[in-house]
There are 2 protein chains.
Amino acid sequence: MLNESYNQYSFILDRTARKVKQYAQTAFAEQQFDLTVDQWIVLRTIYENPSLSNKEMAELCGKDQPTLTRIIDLLIKKEFAERISHPSDRRSLRLHITKKGEDKIQEIAPKVADFRMQAWKNLNEEDFAHFTRILNTIYDNLTQK
Amino acid sequence: MLNESYNQYSFILDRTARKVKQYAQTAFAEQQFDLTVDQWIVLRTIYENPSLSNKEMAELCGKDQPTLTRIIDLLIKKEFAERISHPSDRRSLRLHITKKGEDKIQEIAPKVADFRMQAWKNLNEEDFAHFTRILNTIYDNLTQK
DNA sequence: TAACAATAATTAGTGTGACAAATATAATTA
DNA sequence: TAATTATATTTGTCACACTAATTATTGTTA
């Protein structure tokens, strides 16, 4: 048997993260939000932090730049966001939400909060503190200084 | 501000899971294992549970069937695994590891265990108990009976 | 036993993640 | 200021996740 318990922890972590995302995505589809979970995350981040560059936005969303570029492409195709060129640096751009994007946020934010709660049932404040501390410890262990 | 703390938990979970996988994948690449992390997980599962069907193996690996099919395709291309047809049910097949696959397991298993440990530094037995309990609670919350 | 339903596996399509390379522009320096 | 270096973004490629559709085969029932 090669099954060291550490392998098991990786497995549990990966499996749970996928389940959380999948559960949300199913709800998004059922309620016809016309957004994926990741598109929603990015749209919400643009809404809360307008006028950032691609690079800054990627950092905030916890995604790499190419991934963010492609998600923005899709949000623009759906007319929820737009790229505004930077006045003095033509390499750069600023990400903005559109009116249609804001409306979408207003429409679905409460519903998202609603079914997101399902994941955290049967857990208390102390559990959340452990959860945050332990996962952040793991993250820091693997992030070079 | 729409930033309910529950969104934050999803973010931390997703970010940590990706970091753990990415860290391992980088080590796999550096040491030229000629496997992705997921291919390794599947190969190890086949090794430990020989002669299961695609469906059963997918269940054990925590992956869906199409994903498993493609990972197996890649393992077969690398000659680490093979599909054997079921004697009485021609729809079904049995997954087996090859000699070359077994050699690969023997070669890299200790090395994997080695750098996998990096993720779990600064955590004690009690933390692991919390980790397992909390993540499994979340998973169960989202898995219909 | 012929028609229908169920099952195992694969294929197709879209989205995301990671990494490298390419492109365009700006900043620096010789 | 011409050449070089650095930066912002996009494009290309491969792998994985998920859903739906397809194919092949087996089981069930009228």
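All heavy atoms count here, side chains included; hydrogens, waters and symmetry mates do not. Letters A, B, ... are given to chains in the order of the sequence lines, protein chains preceding strands, and every chain is numbered from 1. Note that the coordinates shown come from a computational prediction; the quantities given were computed from them, not determined experimentally.
Taking atom CD on B:Glu56 and atom P on C:dT7, their separation rounds to 14 Å, with Å as the unit. Rounded to an integer number of Å, the gap from CD1 of A:Ile76 to P of D:dT10 is 8 Å. In this structure, B:Leu43 places its CG atom 13 Å from P of D:dC16, rounding to the nearest Å. When rounded to the nearest whole Å, the span between CD of A:Gln65 and P of C:dT16 equals 17 Å. Straight-line distance from the CE atom of A:Met57 to the P atom of D:dA8: 15 Å, rounded to whole Å. Atom CG in B:Leu68 sits roughly 10 Å away from atom P in C:dA9 (whole-Å rounding). A straight line from CG of B:Leu95 to C1' of C:dA8 spans 12 Å, rounded to a whole angstrom. Rounded to whole Å, the distance from CD1 on A:Ile72 to C1' on D:dA8 is 14 Å.
Between C:dT10 and B:Thr69, a contact under 4.0 Å exists linking OP1 or OP2 to a side-chain N or O. Phosphate proximity of C:dT16 to A:Gln39: present, with a side-chain N or O under 4.0 Å from OP1 or OP2. The shortest distance between the side-chain N/O atoms of B:Ser92 and the OP1/OP2 oxygens of C:dT7 is not below 4.0 Å. Taking 4.0 angstrom as the limit, B:Gln22 places a side-chain polar atom (N or O) nearer than this to OP1 or OP2 of C:dC19. The shortest distance between the side-chain N/O atoms of B:Arg90 and the OP1/OP2 oxygens of C:dA8 is not below 4.0 Å. Between B:Ser53 and C:dA8 there is no side-chain polar atom (N or O) within less than 4.0 angstrom of OP1 or OP2. In terms of phosphate contacts, A:Lys63 brings no side-chain nitrogen or oxygen within less than 4.0 Å of OP1 or OP2 of C:dG15.
The base of D:dG12 sits within donor-acceptor range of the side chain of A:Arg70, with an N or O pair under 3.5 Å. No hydrogens or angles were tested; on distance alone, a donor-acceptor pair under 3.5 Å links the side chain of A:Arg91 to the base of D:dT7.
When distances are taken from the side chain of A:Asp64 to each of C:dT16, D:dA8, C:dC19, the shortest belongs to C:dC19. Here C:dA18 is the nucleotide among D:dA15, C:dA8, C:dA18 with the atom lying nearest to any side-chain atom of A:Thr67.
For the salt bridge (charged side-chain N to carboxylate O under 4.0 Å, His left out) with B:Asp38, the qualifying choice from B:Arg44, B:Arg70, B:Lys63 is B:Lys63, the only one to do so.
Each of B:Phe11 and B:Tyr139 belongs to its own hydrophobic cluster when Ile, Leu, Val, Met, Phe, Trp and Tyr are linked at side-chain heavy-atom distances under 4.5 angstrom.
Within the nucleic acid shown, A:Ser85 has no heavy atom closer than 4.0 Å to any nucleic acid atom. In this structure, B:Arg83 reaches the sugar-phosphate backbone alone: every heavy-atom distance under 4.0 Å involves primed, P, OP1 or OP2 atoms, never a base.
In this pair, B:His130 and A:His130 present their aromatic rings parallel. The plane angle is below 30°, not in the 30 to 60° band. Taking the six-membered ring where the residue is Trp, A:Tyr9 and B:Trp120 present perpendicular rings, their angle passing 60° and hence far from 30°.
Using a 4.0 Å cut-off between charged side-chain N and carboxylate O, B:Asp140 and A:Lys121 make no salt bridge. Under 4.0 Å is where a charged nitrogen must lie from a carboxylate oxygen, and between A:Lys104 and A:Asp34 no such pair does. The pair A:Arg18-A:Asp14 counts as a salt bridge, with a side-chain nitrogen and a carboxylate oxygen less than 4.0 angstrom apart. Between B:Asp103 and B:Lys99, at least one side-chain nitrogen of the basic residue sits less than 4.0 Å from a carboxylate oxygen of the acidic one, meeting the salt-bridge criterion.
Both A:Asp14 and B:Asp89 lie near DNA chain D, and the one whose nearest nucleotide falls closer to the 5' end is A:Asp14. Each of A:Pro66 and B:Gly62 has a nearest nucleotide on DNA chain D; the 5'-most of these lies closest to A:Pro66.
In this structure, the separation between CG on A:Leu75 and OG1 on A:Thr36 is 7.5 Å, given to the nearest 0.5 Å.
Near DNA chain D, meaning a heavy atom under 4.0 Å from it, residues 24-34 of chain A has A:Thr26 in order of number.
Pairing of C:dA30, defined by two Watson-Crick or G-U wobble distances under 3.5 Å, is identified with D:dT1.
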